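Chain naming here is simple, since letters A, B, ... match the order of the sequence lines and numbering starts at 1 in each. All values derive from a computational prediction rather than experimental measurement.
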Amino acid sequence: MGSLHHIKHLALTLLKTPTTTLRTPSDLKRLHVYLIKTHLHLTSSFAVGNLISRAASLGLLSHASTMFDQMPHPNVFVYNNLIRAFHLHHHPQNALLVFLRMNVVPDSFTFVATIKACVEDPAFFRMGASIHARSVRTGFDRDVPVATGLIEFYAARAGVDAARKVFDEMGSRDVVSWTTMLACYVNVSDDIASAREVFDTMPEKDVKAWGAMVGGYVKAGDMGRAREVFDEAPSRDLLMRNVMLGGYAKAGEVGELMRLFDGMRDRDVVSWNTVIGGLVQGERFNDAVAVFHRMQVENARPNRVTFVNVLSGCARVGALDVGRWIHSYIDRNGFVVDAVVGTALVDMYSKCGALESATHVFGRMARKDVAAWNSMIMGYSMNGRGEKSLEFFHAMRREGVEPNEVTMVGVLSSCAHAGMVEEGKRCFEMMQGELGIAPTTEHYGCVVDLLGRAGLLREAREFIQSMPVEPGTNVWGALLGACKIHKNVALAELAVEHLIKLGVDDGGSIEIDGAVHEFGVGEKAHERCREIYAMLREVAERLRRAGHVAETGEAFFDVEEEEKEMALSTHSERLAVAFGLIGLRKGEVIRVVKNLRVCVDCHAVIKLISKVFEREIVVRDRSRFHHFKEGRPAMQNLVKHSVFA
DNA sequence: ATAGGGTTAG
């Protein structure tokens, strides 16, 4: 109820203890109206300053600036809050403009806020230096928070030595300035030894100082030392535990991660997100989804980071059901699909082979940055739609979005899939020239793929030899793929030799009812193993009747004939497809994710399975998708939601 | 009445 009594009460409370009231935007809007009605907005710097401060933290910047504009004589308190408001909303230029135009004497709070704004953008280096000079002239540089702000400013803009100079010249230091100096060594110069030296020299340490030191070791990847400091600290707060969780997540120490997490009395959304992210990184996808479900049970509210983490897990294992569920959760709960969440959705859909949904999400995104375009370009490329992918590339350039190295991987692989050799070569040239992007092993792999697929095997081989960097698995994998297509056994053996040396193994997985099942070659460990092999025998029998003969020429050159047939029929992707035939209801699309390329025989067999068993099958391998429907490689209806339609 | 330091993401 917006009764006048209620509003008056709110206003009076605000004037006494402003930070504890006004929790919602509507509270603030009512108060705004009240201040105007009572003309307090013209005279009370106290009321207006506080309103600006609360408006900024509630995301209502327009209320803040309206109130400011209406005030004839704002005092320094009002100015400070407006500068802080702009800074909070990432408008450092506006913050500094307010500072330059203010016609009252700045105080130490003003200097802190403006220096902070200068840290945000490298363009404000000279501005920051001149504010520093002004603080020296007016004596505000002796204020500890001002000097601390300057340490951060110089560390970010001129390096840690310049920051250290300010630190050394400070008249007095407190625990915050010491911790700031420590953090500069950690974040700016990766100098853990100097950070430790500062830590050992500090006259007093609070929980944040201990936390900063833990974070330093975490960033250096030294979890042993991080744990030592963590255990040694006189007290541990939530943030410090989260830092530790992040370290275990980054190091892939999932056991320690879960042990610490489960032992925590209270957790915030960062704790949950860190654990989910760590499980996804550690390829423990089912556990990651389980933790997400645990969040619901424990009434913990997820945020956009949670969604992005879970979605990236879905993308990696091709878990379309879970991904769709997350998408509907986002919509149901009114979360905004911003550039990052949108890209995560697009990426998930396209890596699950659901291009139609990916295109739909992309089309509805308000802001599309490089990463968003990349996910579309990559998505179409991986799904074998090279021309469409290049259309997106050109649209992106028309929109004035600068391509990066990820874009070019997508573009080059599109050219490879579409057989556009000359276009691909042109793009490779353009990338190094016009765009000034240095090629990575990914790009070289794409070029090998481009040449190899087109049958230019000798050129591909020569290209590999001319590479200035060591060829990775992707490069040899591309060459092997080309050898399979063009039946070049000698070159294939060379590629396989390198792949084995680089430690590549074989595996595939499939998602049933939100759970991921993994299969290796000749896998026998799965709980429904007997059923799966029975199904494989049925598959073999039905395919034989349909006239299939295995093309054993290309796999295992040194294996006896029968063993060859056996090994081929237990290739991981076939085990997974067989499991899909058992575990999924008729009419559901069977989606399989594989970490190597699908061999020619499996490709042929799965094509036949899709026909004989009347199932739609999508197999994703390390470079692209294979859609099968009614015995043919199938394409979904992609044009409907396309931005070009 | 307003300030400065350690945590998660496409």
Specify the residues of residues 250-279 of chain A, ordered by number, for which at least one heavy atom lies under 4.0 angstrom from an atom of DNA chain B.
-> V270(A), N273(A), T274(A)
Integer-rounded Å distance: dT7(B) P and N309(A) CG = 17 Å
Is any NZ, NE, NH1 or NH2 atom of the basic residue among R30(A) and D27(A) found under 4.0 Å from an Asp or Glu carboxylate oxygen of the other?
-> yes
Sugar-phosphate only, base, or nothing, as touched by N80(A) at under 4.0 Å among non-hydrogen atoms = base
Donor-acceptor contacts, no H, no angles, side chain residues 210-219 of chain A, under 3.5 Å, sequence neighbours left out:
unit_1  : atom_1 : unit_2  : atom_2 : d
Y217(A) : OH     : R196(A) : NH1    : 3.3
K219(A) : NZ     : V186(A) : O      : 3.3
K219(A) : NZ     : D190(A) : OD1    : 2.7

Which part of the nucleic acid, if any, lies within contact of V144(A), taking any heavy atom under 4.0 Å across all strands shown: a base, the sugar-phosphate backbone alone, or nothing?
-> base
Which listed nucleotide (dG6(B), dG10(B), dT2(B)) is nearest to the side chain of S312(A)?
-> dG10(B)
Among dG5(B), dA9(B), dA3(B), the nucleotide that comes nearest once only the side chain of S108(A) is considered | dA3(B)
Have a look at N303(A) and say if it touches a base, only the backbone sugar-phosphate, or nothing, with a 4.0 Å heavy-atom cut-off.
-> nothing
Integer-rounded Å distance: dG6(B) C1' and I192(A) CD1 | 12 Å
So what does A372(A) touch, heavy atoms closer than 4.0 Å: a base, only the sugar-phosphate, or nothing?
-> base
How would you label the contact of A113(A) with the nucleic acid (heavy atoms, under 4.0 Å): base, sugar-phosphate, or nothing?
-> nothing
K165(A) and D161(A) ion-paired at < 4.0 Å | no
Indicate, with a heavy-atom threshold strictly under 4.0 Å, whether V341(A) touches base, sugar-phosphate, or nothing.
-> nothing
Of the nucleotides dG4(B), dT2(B), dG5(B), which one has an atom closest to the side chain of T148(A)?
-> dG4(B)
Check every strand shown and say whether A209(A) touches a base, only sugar-phosphate, or nothing at a heavy-atom separation below 4.0 Å.
-> base
For the pair made of CG in N187(A) and C1' in dG4(B), what is the distance, rounded to whole Å?
-> 15 Å
Whole-Å distance separating the NE2 atom of H87(A) from the P atom of dG4(B) | 9 Å
Side-chain donor or acceptor of N81(A) paired with backbone N/O of G49(A) under 3.5 Å = yes
Name the nucleic acid region contacted by V346(A), choosing base, sugar-phosphate or nothing; use a 4.0 angstrom heavy-atom cut-off, strictly under.
-> nothing
Please work out if R304(A) contacts a base, only the sugar-phosphate, or nothing of the nucleic acid, heavy-atom cut-off 4.0 Å.
-> base
Is the shortest side-chain N/O distance from K116(A) to OP1 or OP2 of dG5(B) below 4.0 Å?
-> yes
Grab the CD-P distance between Q281(A) and dA9(B) for me, whole Å please.
-> 8 Å
Does L239(A) have any side chain to side chain contact (heavy atoms under 4.5 Å, CB included) partners at least two apart in sequence or in another chain, and if so, which?
-> D237(A), V243(A)
Scan M181(A) against the nucleic acid and name what it touches under 4.0 Å (heavy atoms): base, sugar-phosphate only, or nothing.
-> nothing
Does the dG10(B) base have a donor-acceptor partner in the side chain of T343(A) within less than 3.5 Å?
-> yes
Please report, rounded to the nearest Å, how far the P atom of dG5(B) is from the CE atom of M170(A).
-> 13 Å
Determine the minimum heavy-atom distance between P74(A) and Y79(A), stating which atoms define it.
-> O-CE1, 3.7 Å
Between dA9(B), dA3(B), dA1(B), which nucleotide has the shortest distance from any of its atoms to the side chain of F46(A)?
-> dA1(B)
Please check if any side-chain donor atom of T66(A) sits under 3.5 Å from a side-chain acceptor atom of D69(A), or the reverse.
-> no
Examine the base of dG4(B) for any acceptor or donor lying under 3.5 Å from a partner atom in the side chain of D143(A), and report the outcome as yes or no.
-> no
With no angle test and no hydrogens, is the base of dG10(B) tied to the side chain of D369(A) by a donor-acceptor pair under 3.5 Å?
-> yes
Is a salt bridge present between R294(A) and D262(A), judged by a nitrogen-to-oxygen distance below 4.0 Å?
-> yes
No-H, no-angle donor-acceptor pair, D237(A) side chain to dG6(B) base, under 3.5 Å | yes
Pair of N/O donor and acceptor under 3.5 Å linking dG10(B) base with N374(A) side chain = no
Nearest of dG4(B), dT7(B), dG10(B) to any side-chain atom of D174(A)?
-> dG4(B)
Take the protein atom CG of D338(A) and the nucleotide atom C1' of dA9(B), then report the distance between them rounded to whole Å.
-> 10 Å
Answer yes or no: is there a donor N or O on one side and an acceptor on the other, between the side chain of D143(A) and the main chain of V146(A), under 3.5 Å?
-> yes
Taking dA1(B), dG5(B), dA3(B) as options, the one with an atom nearest any side-chain atom of T180(A) is dG5(B)
Whole-Å distance between dA1(B) P and N81(A) CG?
-> 13 Å
NA contact type, V243(A), heavy-atom cut-off 4.0 Å: base, sugar-phosphate, or nothing?
-> sugar-phosphate
Would you mind checking if D338(A) and R304(A) are paired as a salt bridge, meaning a charged N to carboxylate O distance below 4.0 Å?
-> yes
